[in-house]
Amino acid sequence: MLSADPDAMRSSDERDWCRLILEREPREPQRSDERIAVDVGWRRVFGDRRIAADEALRASLSRQGADAAGIRFSRVCGWCGGDHGAVRVPGWPGAASVSYAAGWAIVATTADLEGGVAGGFGIDAAPADVDAAAAGRIRDALHDDRADTTTWTRVEAALKADGRGLRVDPATVRLSSRGGCVFAEVPAPPAGSGAAPRRYAVHPLPGPAGVVVSVAVAVPEASARRATG
């Protein structure tokens with residue numbers, strides 16, 4: 001369900017990136033309109049982590065042909081108006097997401113999805129190895145004695161793609177697999193009581209050594225209806 005172009009890899013001590021093709025929904029034969037190209041980058045954080053994230057975002061957008069030098073990113077929260085919301089890229093018709101873990105800023109962008117808040121696209125990152133206390137907090141939060149950091153990043157990526165984040169109880173997100181792909185089902189908003197859950201395809205992404213990264217991409221609505229009956 002995921003492929004990477006090995007020639008697209010670039011590495012240095014502080015700057016890395018990779019370009020991948022993701023399948024939004026497993027199907028036979030595969031349809032090109034269900035694939036999206038994702039550009040992933042990461043930077044070591046020295047000081048303000050947003051500076052590192054913005055540098056990585058500009059580099060990612062530039063690799064996709066955007067004139068990113070003058071872009072000023074927005075993080076206005078749609079709920080309270082604070083500056084801690086999902087990243088937006090004014091003037092760029094795509095989707096972007098940012099996560100931070102273990103001293104790194106990790107970003108992902110795609111021109112194949114519409115932008116806006118979340119845009120049905122989100123990433124999350126976490127250290128691959130955590131101590132027993134942190135592992136216990138993950139399992140308690142997800143009500144799952146087998147959960148680990150990979151599980152957590154899958155759930156968090158889906159909640160970020162959904163746009164509501166931790167306003168949704170992470171324990172209510174359901175993970176499943178089909179056709180070699182992992183899916184996350186996020187409960188519909190309360191106003192949509194009785195509506196089908198929102199569904200996201202979840203993939204692992206490359207990242208810094210020792211960091212687990214997951215991306216969630218909204219499954220097209222018709223496909224979600226077929227899968228849920």
Side-chain angles (χ1 to χ4, degrees), residues 1-6 8-22 36-61 63-64 73 75 84-87 95-110 118 121-142 144 146-162 165-166 170 173 175 177 181-184 200-217:
M1 294 300 108
L2 177 152
S3 63
D5 177 359
M9 290 295 293
R10 299 291 184 273
S11 299
S12 71
D13 290 341
E14 298 175 7
R15 302 185 181 187
D16 297 86
W17 66 276
C18 184
R19 186 172 298 119
L20 307 101
I21 304 297
L22 305 183
I36 67 168
V38 175
D39 188 284
V40 190
W42 50 97
R43 298 284 174 94
R44 177 70 75 177
V45 173
F46 298 103
D48 188 339
R49 66 183 191 174
R50 288 191 177 180
I51 292 176
D54 288 357
E55 289 177 353
L57 282 167
R58 288 193 179 91
S60 179
L61 295 172
R63 288 192 291 268
Q64 298 179 74
F73 303 104
R75 294 178 172 87
H84 54 264
V87 68
S97 188
V98 175
S99 189
Y100 303 96
W104 293 92
I106 301 102
V107 307
T109 64
T110 178
F121 180 79
I123 67 168
D124 191 63
D129 296 317
V130 295
D131 61 26
R137 288 193 292 272
I138 289 172
R139 291 165 184 161
D140 289 344
L142 298 180
D144 181 353
R146 297 173 298 175
D148 56 14
T149 53
T150 296
T151 314
W152 179 255
T153 62
R154 288 170 172 172
V155 169
E156 272 279 272
L159 291 177
K160 290 170 76 171
D162 178 81
L166 291 178
V173 177
L175 298 176
S177 61
C181 186
V182 175
F183 294 95
Y200 302 86
V202 186
H203 300 272
L205 289 181
V211 177
V212 175
V213 187
S214 295
V215 61
V217 183

Check: A96 main-chain N/O paired with T109 side-chain donor or acceptor under 3.5 Å: no

What pairs of donor and acceptor atoms, side-chain ones from residues 127-139 against any protein atom, are under 3.5 angstrom apart with sequence neighbours left out?
{"unit_1": "D131", "atom_1": "OD1", "unit_2": "A133", "atom_2": "N", "d": "3.2"}
{"unit_1": "D131", "atom_1": "OD1", "unit_2": "A134", "atom_2": "N", "d": "2.8"}
{"unit_1": "R139", "atom_1": "NE", "unit_2": "D145", "atom_2": "O", "d": "3.4"}
{"unit_1": "R139", "atom_1": "NE", "unit_2": "A147", "atom_2": "O", "d": "3.0"}

Which value, rounded to the nearest 0.5 Å, describes the distance between Y200 atom OH and L159 atom CG? 8.5 Å

Restricting to salt bridge (Lys or Arg N to Asp or Glu O under 4.0 Å), what partner residues turn up for R50, sequence neighbours left out? D83

Take V155 and L142, measure what side-chain contact (heavy atoms from CB on, under 4.5 Å) needs, and give me the verdict at the end. CA-CA 9 Å; V155 169; L142 298 180; 4.1 Å; yes

Looking only at heavy atoms, which two atoms of I123 and K160 are closest? And how far apart? O-NZ, 2.7 Å

Could you grab the distance from atom OG1 of T150 to atom CG of L175, nearest 0.5 Å is fine? 11.0 Å

Contacts of type side chain to side chain donor-acceptor pair (under 3.5 Å), residue S214, not counting sequence neighbours: T153

Distance check, rounded to the nearest 0.5 Å: L57 atom CG versus F73 atom CZ? 4.5 Å

Of all the heavy-atom pairs spanning R154 and V202, show the shortest one and how long it is. CG-CG1, 3.5 Å

Taking C-beta and beyond as the side chain, do V211 and W42 meet within less than 4.5 Å on heavy atoms? no

Heavy-atom nearest pair, C18 first then P206, reads CB-CG, 3.8 Å

Write down the atom of D124, the atom of A157, and the distance for their closest heavy-atom approach. CB-N, 3.7 Å

Could you tell me which non-hydrogen atom of Y100 sits nearest to which non-hydrogen atom of A53, and how far apart they are? OH-CB, 3.4 Å

Value for CG (L205) from CD1 (I106), rounded to nearest 0.5 Å, stands at 10.0 Å

Looking only at heavy atoms, which two atoms of A161 and G122 are closest? And how far apart? CB-N, 3.6 Å

Name all residues meeting the side-chain contact (heavy atoms from CB on, under 4.5 Å) criterion together with R63; count only those two or more places apart in sequence or in a different chain, and write none if there are none. W17, R19, D39, A59, S60

Rounded distance [0.5 Å steps], CZ in R44 versus CZ in R49: 14.5 Å

Rounded to the nearest 0.5 Å, what's the gap from OG on S99 to CD on E156? Could you check? 8.0 Å

Looking at residues at least two apart in the chain, or sitting in another chain, which of them share a side-chain contact (heavy atoms from CB on, under 4.5 Å) with A56? R43, V107

Go through the structure and list residues passing side chain to side chain donor-acceptor pair (under 3.5 Å) with T151, not counting sequence neighbours. D148

